[in-house]
Structures are given as structure tokens and as C-alpha cells.
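The structure appears below as C-alpha cells.
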Amino acid sequence: MTYHPKSDFLNVMMERGYLADCTDYQGLDEAAAKGIVPGYIGFDATATSLHAGSLIQIMLLRWLQKTGGKPIVLMGGGTTKVGDPSFRADERPLLTDAQIADNIAGIKRAFTPYVTFGDGPTDATMVNNADWLDGLNYLSFLRDIGRHFSVNRMLSFESVKSRLDREQSLSFLEFNYMILQAYDFMELNRRYGCLLQMGGSDQWGNIVNGIDLTQRVLGRQVFGLTTHLLTTSDGKKMGKTATGAAIWLNADRLSPYEFWQYWRNVTDADVGRFLKLYTELPVEECARLGALGGAEINGAKIILANEVTSLAHGRAAAEAAEATAREVFEKGGVGDDLPTLKIAAAEAAEGVGIVQLLVRTGLAASGKDAKRLIAEGGARMNDAPLSDAGLRLTAADLGEPVKLTAGRKRHALVVLG
């Protein structure tokens, strides 16, 4: 639809390509233009870090704050015990309370570079839905909340329908998730005055449920906004490497250099779009850089990698990653910031297989993948092609750092440690 927003927030959402749909464009726009809009996104605590697939949602919260709104980061300490079934083929593994607490502690660190937390009117706040979900009385919840939900309507939502159409099991536990998410929105409105829930377009049904419940129970108007489900131009899921490894946001899960490399190696067709979504460069500059061709597009990719890495890890980490990349690619060196695998002297004395090293450095997803890389000429050691999958490196071979390479752009060091 064509809508010309008055508020800075909706203008950014539309101009930079975030917006897929909104439940009430005019109502949300007027609220954002008139005052502070508290808005939330929920994140279930399924790992100790979020990965790049969640970065678009984090950027929504960042832009909400930058345009005068109040970000609410909702940690799903309660809903993680259920698991969101949206567009999944199977049920999520159930985690213990201790695992969930550890995951929340790790995830908190991913947000601090992007939003400012505090007690001010537009400062971000982080809350945990276990605070209200853990103490629910089941019969009271069914009577007071469950009666507002139509099973017929819930079965029509695409996230549920697609699972049933494929004749894949959907447990009653998972079916409850959309009711709990709707209840979250109502509770956030009641406790914090939250007016907006944001999420990917796969969350549309859950968001609408929350809006309906809040209006029915509290009689208050709230809003929903969704983004497009993002894939790369070649159809791959956002936030994963070619081997399926996650691009984690926390430095203890993935080094800033590897994070930088992911953005440096995006396909040409994605550069302009990713600059708009994942950086704060002016839209016109993003479009100009994305339209470059030939060798010039590589310069645009370096700008993309530097800007995204600077937001996540700081400008110094981005500059160090670029310096290492130049050392490795342009000068044939080993660089100071390459991912490094340390091999104990006792292990090296017995000799370590090259296939095992390719897997342990993350350059290959499995032994089979490593052997295929070697057979196809895609693996190198110290810039020389590897041809023997049975090669073993001893302590003598590791007297100096050994650089392993997969393809043209992925490198790692193996050292004695």
C-alpha cells in the first residue's frame, strides 16, 4: 500500500525496507508522531547467543529507540519451556530452568551494543515472561484467557496449517504457544504500557492474537508490525554459513573476524539491501554502493562488513578484521586475527589428521565434507593445495603456525598450545 508516514519511526521502517505489514498504519503512525511508543520483540532463550538471523529484529529495536520510542526486550524464560512451532517441522527440544537461565545471561550481552538500557523514558528495558507465566493457575487461565481464543481460527494460521498439511505432529504443548504469546502482549501493555509488538512475518497470527486479547480484556488499542522473512538472494537462510554453521553475535561464540568475513562474502545482489537493513548509512549511499559493479562491489562489501561489525563488536574490532583480511588475501600472510585452533603437544606427538583439523577449525562441516574438499582441490595448507586426505601433522610440522584454507576465502590457523 502507499502510505506517507508522519513519524520518523514508520518512515525509517518503510524507507529502509523493513516493513512487511502493519495492523494499523495510521494509528501506529499517529501514536509514534505524538509521543513515546513502547514496543517489544520476544526472543526465546534456546542458545547462549542470538545469531545474525535475529539481527533484523535487533535493528528494529535500535531504530525504535533512535526515533524516540522505548524498546522492550522480552526474554522468553517462560515460553522457551514450550517452544514456538512456527514453520518448524518438529518440536523444539525442552530445556531445563538452569539451561534457560544460562542462555538468557548470554543473550543479554548481544543487545548492549545496539540499544541503551536504563530508567529514562526512552531507555530500553529487558523483562522475562517467566515473571508472569510461571505462576499461572491453569484453570483460572483457561477460564479468563482461553475462552477468548477460537480453535477454528488458530488452526487457520499458516504456521499451524503448514505443519498439519504436511501431516507432521503438532503437540498440544506447542499449540498453546500462540495463546501464551498473546498473553505476553497483554501483560506488557498492562505492566509497561507497551503499544507495539514487532516480529517476522511468520509471527503475524500470534501478534494479531495479542492485539485481539488486549482489546477484549483491557479495552486498549495496540499495534503490530512485521518484517519480511529474510533470505539471501540465492535462497539461503539468513545467519548461516554455507556449511550450516550459525553466525553468532557474541564474540565468545564467533570471533569478530569470522563475523566480518560473513558480511564481506555476501553475494553482490544482497549488498544494497543489507546496507539498508543492517547499517545506519544514509539510504541514498546504500543504494549507490549496492549499484556498483565489477571490482567496485568488493569495496562496498568491505564497507558493509565494517559497518555491521562496528555495531556488533566496536570499530576497533572491525578495523582489526579488515587488516587481517588484507594480510591474508593481498599479502599471502597469516594475519593476527584469524580463527586459531590450539593443539596440545601431547596430541601433536601422536600426529593429528588433516581431515580432523579441517573439521575442528570449522572449515569443513564433517569428515566427509573435508575429504570432498581435498578431493576437489578446495583445501590448502600454507597456500599449497592439499591432495592427501591421510596426511597427519606432528609437533615438528606445527613448529610454525599452519594456515589451512577452504575455498578461496575461509582460513584458520593451527598452532601448538
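Bear in mind that the values here come from a model prediction, so they are computed numbers and not experimental data.
- Leu363 is not listed as a side-chain neighbour of Thr405, based on a closest heavy-atom distance of 4.5 Å or more.
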**Study point:** Test side-chain contact (heavy atoms from CB on, under 4.5 Å) applied to Leu358 and Leu404, step by step
**Key:** CA-CA 7 Å; Leu358 287 168; Leu404 298 180; 4.3 Å; yes

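- A heavy-atom distance below 4.5 Å is not found between the side chains of Val127 and Val73.
- Heavy atoms of other residues, nucleotides or ligands lying less than 6.0 angstrom from CD of Gln26 number 12 at most.
- Taking 4.0 Å as the cut-off between side-chain N and carboxylate O, Asp252 and Arg109 count as a salt-bridged pair.
- The residues Arg315 and Glu307 are annotated as salt-bridged, a charged nitrogen and a carboxylate oxygen being separated by less than 4.0 angstrom.
- The distance from atom NZ of Lys301 to atom CG of Leu292, rounded to the nearest 0.5 Å, is 11.5 Å.
- For the pair Asn129 (side chain) and Asp184 (backbone), a donor-acceptor distance under 3.5 Å is absent.
- Checked by atom type and distance alone, the side chain of Arg410 never pairs as donor or acceptor with a backbone atom of Glu258 at under 3.5 Å.
- Note that CZ of Phe223 is 6.5 Å distant from CG of Leu195, once rounded to the nearest 0.5 Å.
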Exercise for review: Output, in order, the C-alpha distance, side-chain angles, deciding distance and verdict of side-chain hydrogen bond (donor to acceptor under 3.5 Å, both in side chains) for Asp369 and Ser366.
Suggested key: CA-CA 5 Å; Asp369 184 39; Ser366 64; 5.4 Å; no

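- Using a 4.5 Å heavy-atom threshold, the side chains of Ile374 and Val355 count as touching.
- In this structure, Arg191 pairs ionically with Glu187, as a charged nitrogen and a carboxylate oxygen lie closer than 4.0 Å.
- Ring centroid separation for the pair Phe43 and Phe111 comes in under the 6.0 Å cut-off.
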**Study point:** Test side-chain hydrogen bond (donor to acceptor under 3.5 Å, both in side chains) applied to Asn306 and Glu322, step by step
**Key:** CA-CA 8 Å; Asn306 283 340; Glu322 182 183 359; 2.9 Å; yes

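- Considering all non-hydrogen atoms of both residues, Thr309 and Ala305 come closest at OG1-O, 2.7 Å.
- Between the side chain of Tyr40 and the backbone N or O of Leu188 there is no donor-acceptor pair closer than 3.5 Å.
- Residues Met126 and Lys108 form a side-chain contact, since some pair of their non-hydrogen atoms from C-beta on lies under 4.5 Å apart.
- With hydrogens and angles disregarded, no donor-acceptor distance shorter than 3.5 Å links the side chain of His313 to the backbone of Ala318.
- Side-chain contact, Gln221 with Asp24: a donor N or O sits under 3.5 Å from an acceptor N or O.
- A salt bridge does not link Glu15 to Lys276: none of the charged nitrogens lies less than 4.0 Å from a carboxylate oxygen.
- No side-chain donor-acceptor contact under 3.5 Å links Asn128 to the backbone of Gly76.
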Practice item. Given side-chain contact (heavy atoms from CB on, under 4.5 Å), test Val415 with Leu341 step by step and report yes or no. Key: CA-CA 6 Å; Val415 300; Leu341 171 67; over 6 Å; no

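- At a threshold of 4.5 Å between non-hydrogen side-chain atoms, the residues Val222 and Phe185 count as touching.
- Put simply, the side chain of Thr23 gets close to the backbone of Gly224: a donor and an acceptor are under 3.5 Å apart.
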Practice item. Please report the C-alpha distance between Phe141 and Tyr183 in whole Å, then the side-chain angles of each, then the deciding distance to 0.1 Å, and finally whether the ring-ring contact (aromatic ring centres under 6.0 Å, His included) criterion is met. Key: CA-CA 10 Å; Phe141 184 73; Tyr183 187 72; 5.2 Å; yes

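- Ring centroids of Trp263 and Tyr278 are separated by less than 6.0 Å, placing the two rings close together.
- Listed for the Ser201 side chain is no donor-acceptor partner under 3.5 Å among the backbone atoms of Thr226.
- Rounding to the nearest 0.5 Å gives a distance of 4.0 Å between NZ of Lys66 and CD of Glu280.
- Asp8 contributes no side-chain N or O that, together with a main-chain N or O of Thr67, makes up a donor-acceptor pair within less than 3.5 Å.
- Under a 3.5 Å cut-off, the side chain of Asp44 and the backbone N or O of Thr46 do not form any donor-acceptor pair.
- Salt-bridge annotation for Arg372 and Glu376: present, with a side-chain N of the basic residue lying under 4.0 Å from a carboxylate O of the acidic one.
- The backbone N or O of Asp123 sits less than 3.5 Å from a side-chain atom of Lys70, completing a donor-acceptor pair.
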